[in-house]
Amino acid sequence: MAVGALLAGLAVGLLTAPGNPAGLPLYTFTAGVLLAIGLYGSTHELDAADVRENLRAVVVAVTLGVLLKAALISAVMVLVVRGPEAVVLGIAVAQIDPLSVAAMGARHRMSRRAKTLLSAWASFDDPMTVLLSFYFAVLALRAGGGSGTVSMAPDQGAGADFLLTTLANVVLFGIALLVWHLVRRLTVGRRTERKPEHQPEPGADGGGTGSAAARRADVLASVLVVVLVLVAAAYMLVLAVALAGLFVRVGRFKPYVNRAVSGAFLVAACLLGVLLAQGIDPLPGLALGAAAFGAQMVAALLAGPWLVPGISRVDRYYLGLGQQNGITAILLALALEPQFPGTAGVVGPAIIVVNVLHYGANRLLDRKLDVTPPPPPPALPSGREKPEPYGPEPYGPETPGPGTGGPETAGGAAARTSPAAGGPMGTAPEVI
């Protein structure tokens, strides 16, 4: 469906020639809403207990890991683009798409700790790359002699932009957490009176103990999330939304969150198609995609054993091949397009390159692991013979009594039919 939305947007852009939509008044707010929805959707699926258990690894992955990847990608892009916007392009694709990681979460070859690390890495490197993109966008604009600000940041110095935006995100997250705590206090009966997971949810008629309190908490939490998304979109405080996703859960309305994320992805893909109709830059896009995929391999292979002590070689390989780009890279391209025209024309092809490399490399690794080592041979059914290991049958047909080694005991049947026990098989092998 995402490909269809992209093609639909491309067709609209080619047929109607609406110009660059990044100049429309509501463009930045729309991009902010889509980005906030995507970030909330990326973290509301995470188990807070799993994140706490691997907190050190998660923090290192989304700080040093993101910085290392962004530096490697930007170094490549500086050679290709030769301008300050190369750094912004490098950061825009330095994250891992959480929706794609969730779709591959059932991969049985990865350990539980490695899956948790990759999921948390994919969820929290999104807001990190958003903050870095906005910060370095200011630096890139001023280095290129531009007006000096980005539309989603206050008009201060570049360092002040970053610090003020981070502080504002923390304040907004604190307010959301306080409101969520009050919601929980007002519906205190929800936790103690919740039904076990194997029982069905109470009906809409209010039947069941505590169902009204649970429903009220879910409604209030949903309202809180909607308000938080709108405020974050207006001021581009998307880190607060990502943090809130860990705590503010909407209960029975969770399926609607997943649908909203899917809808945001389709809208973003359609907008990207409209922007791609303005033109694409395939060579920088190819270089950007290859650099992003390679940077993830370097970061995972170098830091994997330190992030997860005792990590297996297979887990390290899959972490190294875990780079995927999707909704966040698209949304960052949409948000940066007004300040850096042509960003979408580079990021769009790069997303395709990254995902093709991911699919091909993982398929090759799967096939290699499927044949190495070979599976153990199946156990032979009782009473059947595999003549090669044992040679010709030296005994005649099975006869009861002392001729087969004495009176039959409780283990006699096994001794007569099991080559491992030294006894004869039931019948001699057929000679052809």
Which donor-acceptor pairs under 3.5 Å do the side chains of residues 84-91 make with protein atoms, sequence neighbours left out?
none

Seminar exercise, completed: Shortest non-hydrogen pair, Leu272 vs Ala344, comes out as CD1-CB, 3.8 Å

Exercise. Is there a side-chain contact (heavy atoms from CB on, under 4.5 Å) between Arg252 and Arg215 once you walk through the steps?
Worked result: CA-CA 8 Å; Arg252 69 195 67 205; Arg215 188 161 48 249; 4.0 Å; yes

For this session: Supply the atom-to-atom distance Asp125 CG to Leu67 CG, rounded to the nearest 0.5 angstrom.
Result: 11.5 Å

For this session: Check side-chain contact (heavy atoms from CB on, under 4.5 Å) between Ala264 and all other residues, then give those that pass, not counting sequence neighbours.
Result: Leu34, Ile37, Ile327

Exercise. Are the side chain of Asn169 and the backbone of Leu239 linked by a donor-acceptor contact shorter than 3.5 Å?
Worked result: yes

Exercise. Could you walk me through whether Val93 and Val354 pass the side-chain contact (heavy atoms from CB on, under 4.5 Å) check?
Worked result: CA-CA 9 Å; Val93 296; Val354 166; 5.9 Å; no

For this session: Return the minimal non-hydrogen interatomic distance between Leu228 and Ala244, and the atom names on each side.
Result: CD2-CB, 3.5 Å

Problem set entry | CG on Asn258 to CZ on Phe253, rounded to 0.5 Å | 14.0 Å

For this session: Measure up the Tyr40 and His44 rings against each other and bin them: parallel (under 30°), tilted (30 to 60°), perpendicular (over 60°).
Result: parallel

Problem set entry | Intermediate values then yes/no, side-chain contact (heavy atoms from CB on, under 4.5 Å), Thr343 and Phe340 | CA-CA 6 Å; Thr343 299; Phe340 301 94; 3.1 Å; yes

Problem set entry | Worked verdict on Gln323 versus Asn325 for side chain to side chain donor-acceptor pair (under 3.5 Å) | CA-CA 7 Å; Gln323 179 68 29; Asn325 288 114; 3.2 Å; yes

Exercise. Would you say Thr43's side chain and Ala242's backbone share a donor-acceptor pair under 3.5 angstrom?
Worked result: yes

Problem set entry | Smallest separation among heavy atoms of Phe247 and Trp180, with atom names | O-NE1, 3.2 Å

For this session: Indicate the atoms forming the closest heavy-atom contact of Ser133 with Leu332, along with that distance.
Result: OG-CD1, 3.8 Å

Problem set entry | Val314: partners by side-chain contact (heavy atoms from CB on, under 4.5 Å), with sequence neighbours left out | Arg109, Ser312, Tyr318, Leu369

For this session: Keeping the roles fixed (side chain from Trp121, backbone from Ile96), state whether a donor-acceptor pair exists under 3.5 Å.
Result: no

Problem set entry | Backbone N/O of Gly320 and side chain of Gln296: donor-acceptor pair under 3.5 Å | no

For this session: Give a yes or no answer on whether the side chain of Gln95 reaches the backbone of Thr328 with a donor-acceptor pair at less than 3.5 Å.
Result: no

For this session: Locate the shortest heavy-atom distance separating Gly326 from Phe265; write the atom from each residue and the value.
Result: C-CE1, 4.2 Å

Seminar exercise, completed: Of all heavy-atom pairs linking Ala287 and Val80, the shortest is CB-CG2, 3.9 Å

For this session: Look only at the side chain of Lys69 and the backbone of Ala295, and say whether a donor-acceptor pair between them is shorter than 3.5 Å.
Result: no

Seminar exercise, completed: Per side-chain contact (heavy atoms from CB on, under 4.5 Å), Leu6 is matched among Ile351, Leu276, Leu271 by Leu276

For this session: State whether the side chain of Thr129 and the backbone N or O of Asp126 hold a donor-acceptor pair below 3.5 Å, judged by distance alone.
Result: yes

